[in-house]
Amino acid sequence: MTTETDAIPANFIRNMIEKDVADNKHNKLVATRFPPEPNGYLHLGHAKSICLNFGIAEEFDGWTNLRFDDTNPDKESEEYMSAIKRDVAWLGFTWKSLCYASDYFDQLYDFAVGLVKDNLAYVDSLSSDEIREYRGSLKEPGKESPYRNRSVEQNLTLLNEMKNGEHDEGEHVLRLKIDMASSNINMRDPAIYRIKKTHHYRTGDKWNIYPLYDYTHCLSDAIEGITHSLCTLEFEDHRPLYNWVLEKTQPEGRPEQTEFGPLNLEYTVLSKRKLIQLVQSGIVNGWDDPRLPTLAGLRRRGYTPDSIREFCRRIGITKSAAVIEMQVLENCVRDELNETAERRMAVLDPVKVVITTWPQDNVEPLSMANHPGNTDLGRRTVNFGRELYIERSDFEEVPPPKFKRLISGGEVRLRSAYVIRCDEVIKDRDGNITELHCSHDPDTLGKKPEGRKVKGVIHWVNAAEAIAADVRLYDRLFSRPDPLAEEDFTDAINPESLSVHENAFVEPSVADAAAGTRFQFERQGYFVVDDDATAAKLVMNRIVSLKDNWSG
RNA sequence: UGGGGCGUGGCCAAGCGGUUAAGGCACCGGGUUUUGAUCCCGGCAUUCGGAGGUUCGAAUCCUCCCGCCCCAGCCA
């Protein structure tokens with residue numbers, strides 16, 4: 001089924017691939033890869049890349065590999081790797097092969113030996129500080145290392161010794177012999193292997209040298225038969241190097257790199273380094289904190305995979321530095337959940353209402369639709385009784401203009417139930433409202449009241465059967481749209497990003513919903529049963545509020 | 001006069017020499033509504049960073065200018 005909203009909007013990469021296929025390039029194959037380093041959890045920025053890579057391959061009947069770019073054992077782990085696999089699968093994509101750059105270490109090494117033999121690579125013994133000095137600056141050319149003209153034999157011997165662990169970290173590095181005067185700094189004899197004696201989570205202690213990104217990535221793409229290597233803009237300057245390595249090592253069938261703009265979202269940060277900082281400093285509660293833009297966090301928050309894919313569809317793919325407003329994301333879940341989430345009533349900040357006209361032990365079962373528009377979602381029964389809870393904010397003694405909820409002496413509709421009138425406000429000695437005494441109009445169930453208009457409708461729960469719940473409300477993690485503009489971005493943390501309503505009540509039908517079940521609490525928003533919920537205590541997260549067009 | 005990119009309404013974004021310059025988000029009306037939600041209907045760029053030029057015709061081609069982003073890890 002393809003509707004207008006399912007259609008993938010045009011973008012320059014899709015146009016390019018469409019043309020490639022039409023031109024019979026790569027034999028009409030579209031093979032992509034999503035290549036994260038397992039050094040953190042996936043976030044919305046990765047979702048954009050995942051949707052692009054998997055989506056475009058799917059559209060042209062190609063395939064996509066999930067490849068772990070695991071060439072830096074200092075930062076990588078099994079935990080991150082499994083989290084990444086789970087998140088990609090959760091988003092709804094299926095990879096053709098699960099690949100690891102570390103699986104190519106032997107081949108990569110062989111290619112390196114070949115480059116040395118072709119006099120296109122050499123072992124440099126300058127220190128890292130010296131290499132930086134020799135590299136020159138953005139405006140000045142670099143100069144050649146005194147080790148640049150070692151013989152092939154010497155280089156071969158040294159490289160072999162590096163591999164065998166005969167040298168310490170930092171002593172040598174294998175460099176490509178390109179052009180120290182290049183205006184592109186990436187071409188000034190980039191290092192492709194460094195000595196590192198760290199234990200690798202997959203290859204263990206087998207290697208004493210590890211290949212670097214620029215050398216590894218293009219070759220991994222070529223080894224896997226990738227046709228279109230899509231990455232973010234910051235790698236644009238690396239493309240000449242990507243192509244150089246492939247030209248020197250791959251006779252044919254070379255993949256091509258194309259860059260697109262990374263995702264930026266207001267009021268949050270999308271960089272693994274920053275997210276790691278938030279997690280490790282304890283500013284948030286782990287990688288799946290519902291305030292985080294990580295896929296694990298969004299999942300726990302209650303976002304659906306479809307809503308995230310829809311978000312990626314709506315934001316598009318370009319090369320401009322886009323900063324997306326949060327409402328775009330929020331609107332995606334709302335659109336979906338409005339269709340799919342069953343309605344329930346919940347009172348977050350309760351105040352007791354006593355229906356003085358209702359007999360003490362009278363219980364009346366009321367049938368309510370689970371969805372206002374979709375009868376397939378069925379109905380449920382909620383019992384009406386003498387004592388109820390309503391939202392404290394739904395009553396005002398001194399109502400603001402246009403207030404259409406309950407006021408002293410005024411009437412309001414209890415959703416799917418009766419119209420009530422507030423007759424008396426009971427307060428404690430501090431003046432806090434403790435109870436509202438109301439009378440109901442028995443002739444208003446399922447029908448409009450006679451001879452007058454009641455403008456407001458408010459939600460309620462029956463005190464006799466309400467279930468207590470902790471309801472967690474989330475706000476944006478940062479209080480400014482561009483937290484990175486702050487000297488220290490953590491200074492921009494919103495201190496009120498989480499607020500918990502510990503005395504909330506929900507209607508009984510919510511009680512046995514499994515973790516992950518989503519509801520719309522009428523008039524409030526969409527909520528999900530949190531993983532912390534137990535038989536003894538229900539815990540719910542607000543995914544997103546309802547739109548509120550009331551300017552009062 | 002280091003190199004590489006980008007500039008279409010508040011935020012995204014289609015557009016690829018001839019269209020009344022798509023669409024979404026946001027916003028502003030108005031209607032329906034037992035959710036101030038949803039839904040519906042209407043509004044929202046005489047103009048595409050600026051100035052010149054080419055052309056019968058320019059957001060689309062050329063020139064210059066302006067603004068913004070990225071790059072000097074033995075990170076990815």
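In what follows, every chain begins at residue 1, and chains take the letters A, B, ... in the order their sequences are listed.
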Practice task
Check whether any side-chain N or O of Ser182(A) sits under 4.0 Å from OP1 or OP2 of G3(B), and answer yes or no.
Solution key: no
Problem - Touch class at under 4.0 angstrom, heavy-atom based, for Arg413(A) against every strand present - result: base
Exercise for the section: Between U1(B) and C16(B), how far apart are the P atoms? Round to whole Å, please. Expected result: 35 Å
Practice task
Quick one, give me the B/S/- string for nucleotides 14-19 of chain B, reading 5' to 3', where B means a protein heavy atom under 4.0 Å from the base and S means that only happens at the primed atoms, P, OP1 or OP2.
Solution key: SSB---
Practice task
Would you mind classifying the nucleic acid contact of Phe403(A) as base, sugar-phosphate or nothing, using non-hydrogen atoms under 4.0 angstrom?
Solution key: base
Practice task
Report which part of the nucleic acid Ile458(A) touches: base, sugar-phosphate, or nothing (heavy-atom distance under 4.0 Å, all strands).
Solution key: nothing
Exercise for the section: Using a heavy-atom cut-off of under 4.0 Å over every strand shown, decide if Arg314(A) touches base, sugar-phosphate, or nothing. Expected result: sugar-phosphate
Handout entry: Salt-bridge criterion met for Lys143(A) and Glu133(A) (N-O under 4.0 Å)
Key = no
Exercise for the section: Would you kindly give the CZ-to-P distance between Arg273(A) and C75(B), to the nearest whole Å? Expected result: 15 Å
Exercise for the section: Give one of base, sugar-phosphate or nothing for Lys19(A), where a contact means two heavy atoms less than 4.0 Å apart. Expected result: nothing
Exercise for the section: Return the value, rounded to whole Å, for the distance between atom CZ of Phe521(A) and atom P of G36(B). Expected result: 17 Å
Practice task
Tell me whether the OP1 or OP2 atom of G4(B) has a side-chain N or O from Ser183(A) closer than 4.0 Å.
Solution key: no
Handout entry: Sugar-phosphate only, base, or nothing, as touched by His459(A) at under 4.0 Å among non-hydrogen atoms
Key = nothing
Fill in the blank from the handout: Taken to the nearest whole Å, CD1/Ile84(A) to C1'/A76(B) is 12 Å
Problem - Exam field: side chain Tyr389(A) to backbone Ala504(A), donor-acceptor pair closer than 3.5 Å - result: no
Problem - Anti/syn call for G4(B), syn if |chi| within 90° - result: anti
Exercise for the section: Among the candidates C75(B), U35(B), A72(B), find the nucleotide nearest to the side-chain atoms of Arg135(A). Expected result: A72(B)
Using a cutoff of under 3.5 Å, can you pull out all pairs of nitrogen or oxygen atoms linking the protein to nucleotides 68-70 of chain B, with atom names and distances?
none

Exercise for the section: Please determine, for the side chain of Leu138(A), which listed nucleotide (G2(B), C74(B), G36(B)) has the closest atom? Expected result: G2(B)
Exercise for the section: Could you tell me whether Tyr267(A) and Phe478(A) have their ring centroids closer than 6.0 angstrom? Expected result: no
Exercise for the section: Could you tell me whether Glu336(A) and Arg334(A) have a side-chain N and a carboxylate O separated by less than 4.0 Å? Expected result: no
Exercise for the section: Indicate, with a heavy-atom threshold strictly under 4.0 Å, whether Ser127(A) touches base, sugar-phosphate, or nothing. Expected result: base
Handout entry: Span that lies between the P atom of A59(B) and that of U20(B), in whole angstrom
Key = 13 Å
Exercise for the section: State plainly whether the residues Glu224(A) and Arg67(A) are in salt-bridge range, i.e. N to O under 4.0 Å. Expected result: yes
Practice task
Please name the pair of heavy atoms, one in Arg413(A) and one in Lys448(A), separated by the smallest distance, quoted to 0.1 Å.
Solution key: NH2-CA, 4.2 Å
Exercise for the section: Taking all heavy atoms of Cys438(A) and all of Cys422(A), pick out the closest pair and write down the distance. Expected result: SG-CA, 3.8 Å
Exercise for the section: Check whether any side-chain N or O of Arg523(A) sits under 4.0 Å from OP1 or OP2 of U34(B), and answer yes or no. Expected result: no
Handout entry: Among Phe68(A), Tyr100(A), Trp207(A), Phe105(A), ring pair (Phe, Tyr, Trp, His ring centres under 6.0 Å) partner for His200(A)
Key = Phe105(A)
Problem - Range-with-range stems of RNA chain B (Watson-Crick or G-U pairs under 3.5 Å, three or more in a row) - result: B:2-7 with B:66-71, B:10-12 with B:23-25, B:27-31 with B:39-43, B:49-53 with B:61-65
Exercise for the section: Assert yes or no for the condition that the ring centre distance of Phe260(A) to Phe12(A) is strictly below 6.0 Å. Expected result: no
Practice task
Using a heavy-atom cut-off of under 4.0 Å over every strand shown, decide if Lys448(A) touches base, sugar-phosphate, or nothing.
Solution key: sugar-phosphate
Problem - Pair Asn11(A)-Asn15(A), side-chain donor/acceptor within less than 3.5 Å - result: no
Problem - Which nucleotide in C74(B), A72(B), G36(B) has an atom nearest any side-chain atom of Ile131(A) - result: C74(B)
Handout entry: Whether Ser182(A) side chain and Ile185(A) backbone form a donor-acceptor pair below 3.5 Å
Key = no
Handout entry: A14(B) versus A58(B) - spacing of their P atoms, nearest Å
Key = 24 Å
Handout entry: Selected nucleotide, minimal atom distance to Lys75(A) side chain, candidates A76(B), U34(B), C75(B)
Key = C75(B)
Practice task
May I ask you to say what Ile324(A) touches in the nucleic acid, namely base, sugar-phosphate or nothing, with a heavy-atom cut-off under 4.0 Å?
Solution key: sugar-phosphate
Practice task
Give Arg405(A) one of three labels, base, sugar-phosphate or nothing, depending on what nucleic acid heavy atoms sit under 4.0 Å from its own.
Solution key: base
Problem - With Phe403(A) via ring-ring contact (aromatic ring centres under 6.0 Å, His included) - residues at least two apart - result: none
Problem - Closest-nucleotide 5' rank along RNA chain B - winner of Val323(A) and Leu445(A) - result: Val323(A)
Practice task
Please state the P separation for the pair G9(B) and G50(B) - nearest whole angstrom.
Solution key: 10 Å
Heteroatom pairs (N/O) under 3.5 angstrom, protein to nucleotides 37-42 of chain B:
residue : atom : partner   : partner atom : Å
A37(B)  : OP1  : Asn549(A) : ND2          : 3.0
U38(B)  : OP1  : Lys547(A) : NZ           : 3.4
U38(B)  : O2'  : Asn338(A) : ND2          : 2.9

Practice task
Name the nucleic acid region contacted by Leu126(A), choosing base, sugar-phosphate or nothing; use a 4.0 angstrom heavy-atom cut-off, strictly under.
Solution key: base
Exercise for the section: Would you please name every residue forming a side-chain contact (heavy atoms from CB on, under 4.5 Å) with Tyr213(A), sequence neighbours left out? Expected result: Asp69(A), His217(A), Phe235(A)
Exercise for the section: Could you measure between the two C1' atoms, the one in C62(B) and the one in U55(B), and give it in whole Å? Expected result: 12 Å
Fill in the blank from the handout: With the side chain defined as heavy atoms from C-beta on, Lys319(A) is closest, among C74(B), C6(B), U35(B), to C6(B)
Exercise for the section: Compute the centroid of each ring, for Tyr193(A) and then for Tyr215(A), and state whether the two points are separated by less than 6.0 Å. Expected result: yes
Handout entry: Electrostatic pair Arg405(A):Glu396(A) at N-O distance under 4.0 angstrom
Key = no
Problem - Whole-Å C1' distance, A21(B) and A45(B) - result: 8 Å
Practice task
Give a yes/no on whether any side-chain N or O of Lys139(A) is located under 4.0 angstrom from OP1 or OP2 of G3(B).
Solution key: no
Problem - Under-3.5 Å donor-acceptor pair between Glu325(A) side chain and G10(B) base - result: yes
Exercise for the section: Please work out if Gly446(A) contacts a base, only the sugar-phosphate, or nothing of the nucleic acid, heavy-atom cut-off 4.0 Å. Expected result: base
Exercise for the section: Would you mind classifying the nucleic acid contact of Ser320(A) as base, sugar-phosphate or nothing, using non-hydrogen atoms under 4.0 angstrom? Expected result: sugar-phosphate
Problem - Side-chain N or O of Arg175(A) closer than 4.0 Å to phosphate OP1/OP2 of G73(B) - result: no
Exercise for the section: Determine, stepwise, if the pair Phe519(A) / Phe527(A) fulfils ring-ring contact (aromatic ring centres under 6.0 Å, His included). Expected result: CA-CA 5 Å; Phe519(A) 295 104; Phe527(A) 294 74; 9.6 Å; no
Exercise for the section: Without swapping roles, check the side chain of Thr304(A) against the backbone of Ser307(A) for a donor-acceptor pair under 3.5 Å. Expected result: yes
Problem - Spacing of the C1' atoms in G7(B) and U60(B) (rounded, Å) - result: 15 Å
Handout entry: Residue of the set Asn72(A), Asp70(A), Ile84(A) for which side-chain contact (heavy atoms from CB on, under 4.5 Å) holds with Glu37(A)
Key = Asn72(A)
